[in-house]
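Only one structure is covered here, and it is reproduced in the block below.
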Amino acid sequence: AKVADPTETEVQAFYDQNKAKIRSEFKDVKEQILAYLRDQRQREEAKKLADRLRAGAKVQMIATVATPPATAAERSRVFAVVNDRPVTSADVEDNLRPLVYNVQEQVYQLRRTDVELKINDILLEQEAQKRKVTTKALLDAEVVSKVKTVTEADAQAFFNQNKERINGDFATTKGQILQYLQDMESRKAEGVFADQLRRAAAVQVFLKAPEPPVFDIATDDQPMKGNPAATVTLVEFTDFQCPSCAQTQPTIEKLATEYADRVRFVIRDYPLTQHENAFKAAEAAEAAREQGKYWEYVNILFLNQSALQVDKLKAYATQLGLDRQKFDAALESGRFADQVYRDLQDGVRVGVNSTPTVFVNGRRADDRTYEGLKALLEAALKNSPKK
C-alpha cells in the first residue's frame, strides 16, 4: 500500500538513462519498465518492513554446519530461533528444493552437451582413420561441401516473418541475418552427418538426469473440476493477464472434459508483478466463484486480457448475471486478496517463477502441450494405486 506507481516522467527518465542497453523503442518497453520500477519499490518497502520487524524481535543465529541433511535427525538441526520459534534445517531444505533441482538440471545439461560433443569427436576421428584422411578433409567432404548457400531472398523471407522481433530495417540487418542463416545451415549439415555416424556406431550414454522433486501442493478451497476423489491431480498456477495462460486454457479444458471421472483439475493464482491488473482479476475470479460462476468468469477474463481494469471486471460480473452488490463489495474490500497471496506464497515455495506452471501429482510438467500433458496424466493414472 505504500508503493506509489512510477510516473510517466520517471519511466521516461529510466529509459533515457539506460537507452544504450535497452536497444528498443520507448513505446515497446514502457510497460516492462513500469513493472520493473514498481517491483523495485515493492522490494524496498518489503526490506524496510523486514528491518522494522527484526528490530522488535529476538533473533538468535546458531552456529552450525549448514550441510545438506542426510537423516531425519539432521533435518531437525536448528539454524536460528525467532521469538522462541526455531528455524530448522528441514525448513531451509524444503524451501531450497526447487532451486537445488534447477541447478542440478543445469549441471546435467552442461555435462550432457559435453558428452555429446565428445561422442561426435570420437566418431569423426574414427571415421577419418577408416577412410585414411584427416578430420578436416572428412568435414570438408561431408559437411562443408553440402551446406546450402543462403540467398538474399532467404534473408528477406526470414526478415518478413520475424520483423516484429528485429530492431532495424532489412537494409541494416541483412548482413547479420545472412550470417545467422548460414550458421544454421552449417549446423544442420553437421547434425545430419553426426546422425549418420551414430547410426553406424554402438553408442551408450550412462549419464542420469536428476530426479525432479515431488511437491505437496495444497488444493483445499481452490477452484476444481473433475473427480474430487481422483488419485491423480493436475494443478495449474495461472495469471489471467498472461497470454501463454490464455493459450493453455483450451488444453486444460479439453483434458478436464476427457478425464472428468479420473482426474482432479485445480487452479491456483499466480499474478505476475509485470501484469498490473492480474492480481485484481484473480480477486474478481474468486468473487465470481463465491457465486458459482468461476469457470464462466475465467473464460471471459482470458478473452479480454487487455481490458481487466476494475470497471471492466465489474461489467463482466453483470454479463454473467452475478449479484453486483455482493461482487462489488468483495472486490472493493479486497476480501479475497489474502487467498491470492496464499497462492503466490505456495507457488514460490514449489518453484513457480512464470505462468502457466503445471504440476501432475506434485511433479512439474515441462511439456504443456495437449500431447505432453495427456502423456503425463496417463503415466500418473497407470502408477496410481487403485481404490
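By convention here, the first residue in the shown sequence is residue 1.
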*Residue pair A288 / F327: nearest heavy atoms and the distance that separates them*: N-CE1, 4.0 Å
*List in chain and number order the residues that pass side-chain contact (heavy atoms from CB on, under 4.5 Å) with N227, two or more places apart in sequence or in another chain; answer none if no residue qualifies.*
A229, A230
*asked:* Has S145 got a side-chain atom pairing as donor or acceptor with A141's backbone, closer than 3.5 angstrom?
replied: yes
*State whether the side chain of D91 and the backbone N or O of V87 hold a donor-acceptor pair below 3.5 Å, judged by distance alone.*
no
*Any chance the side chains of R324 and T318 put a donor and an acceptor closer than 3.5 Å?*
yes
*side-chain contact (heavy atoms from CB on, under 4.5 Å) partners for T71, two or more places apart*: A73, E74
*side-chain contact (heavy atoms from CB on, under 4.5 Å) involving V192 - partner list, sequence neighbours excluded*: none
_Looking only at the side chains, is there a donor atom on one of R264 and T233 sitting less than 3.5 Å from an acceptor on the other?_
yes
*So, E211 and R363, do they make that salt bridge, N to O below 4.0 Å?*
yes
*Side-chain donor or acceptor of D169 paired with backbone N/O of T172 under 3.5 Å*: yes
*Qualifying residue for side chain to side chain contact (heavy atoms under 4.5 Å, CB included) with F237, from I217, V266, I267, D269*: I217
*Looking at T149 and D154, what are the two nearest heavy atoms and their distance?*
O-OD2, 4.2 Å
*Can we say R187 and E190 salt-bridge, meaning some charged N sits less than 4.0 Å from an Asp/Glu carboxylate O?*
no
*Would you check if there is a donor-acceptor pair between the side chains of E253 and Q249 at a distance under 3.5 Å?*
yes
*Say whether V298 and I300 are linked into one hydrophobic cluster, either directly or through other cluster members, by side-chain heavy-atom distances under 4.5 angstrom.*
yes
*Quick one: do the D343 and Q222 side chains pair a donor with an acceptor below 3.5 Å?*
yes
*Under-4.0 Å salt bridge between D183 and K188*: no
*E332 bridged to K314 by N-O distance under 4.0 Å*: yes
_Non-hydrogen atoms of V29 and S24 that approach each other most closely_ = CG1-CB, 3.7 Å
*Verify side-chain contact (heavy atoms from CB on, under 4.5 Å) between E236 and T248, making sure each step is shown before the conclusion.*
CA-CA 10 Å; E236 178 193 10; T248 300; 4.2 Å; yes
_Between N102 and Q106, a side-chain donor and acceptor under 3.5 Å_ = no
*Do Q156 and E152 meet the criterion of a side-chain donor-acceptor pair at a distance under 3.5 Å?*
no
_Could you check whether any side-chain N or O of D239 sits under 3.5 Å from a backbone N or O of C242, counting only pairs where one atom can act as donor and the other as acceptor?_
yes
_Pairwise distance CZ(F240) to OG1(T355) - rounded to 0.5 angstrom_ = 10.5 Å
*Do you know which two heavy atoms are closest between A155 and L181, and how far apart they sit?*
CA-CD1, 3.8 Å
*Any donor-acceptor pair under 3.5 Å from R364 side chain to T357 backbone*: no
*Would you say the side-chain atoms of R38 and T273 include a donor-acceptor pair closer than 3.5 Å?*
no
_side-chain contact (heavy atoms from CB on, under 4.5 Å) for K280 and L331? Distances and angles first, verdict last._
CA-CA 8 Å; K280 212 63 185 174; L331 199 59; 4.1 Å; yes
*Cut-off 3.5 Å, side chains only: do Q241 and Q305 have a donor facing an acceptor?*
no
*Heavy atoms only: give me the nearest A365-L376 pair and the separation to one decimal.*
CB-CD1, 3.3 Å
*Check: E378/Y259 side-chain N/O donor and acceptor closer than 3.5 Å*: yes
_Quick test of your reading of the model: are R342 and D338 salt-bridged, counting only N-O distances below 4.0 Å?_
no
_Treating N83 as the side-chain partner and K58 as the backbone partner, does any N or O pair qualify as donor plus acceptor under 3.5 Å?_
yes
*When the aromatic ring centroids of Y101 and F215 are compared, is their separation below 6.0 Å?*
no
*asked:* Once rounded to the nearest 0.5 Å, what's the spacing between atom CD of E276 and atom CD of Q274?
replied: 11.5 Å
*Using a strict cut-off of less than 4.0 Å between a Lys/Arg side-chain nitrogen and an Asp/Glu carboxylate oxygen, indicate whether E125 and K130 qualify as a salt bridge.*
no
*Is a side-chain N or O of D323 found less than 3.5 angstrom from the main chain of K326, in a donor-acceptor match?*
yes
*Going by atom types alone, do E116 and N120 pair a side-chain donor with an acceptor below 3.5 Å?*
no
*List the atom of I33, the atom of F14, and the distance in Å for their closest heavy-atom pair.*
CG2-CD2, 3.5 Å
_Do Y15 and E10 pair up side chain to side chain, a donor and an acceptor below 3.5 Å, judged on atom types alone?_
no
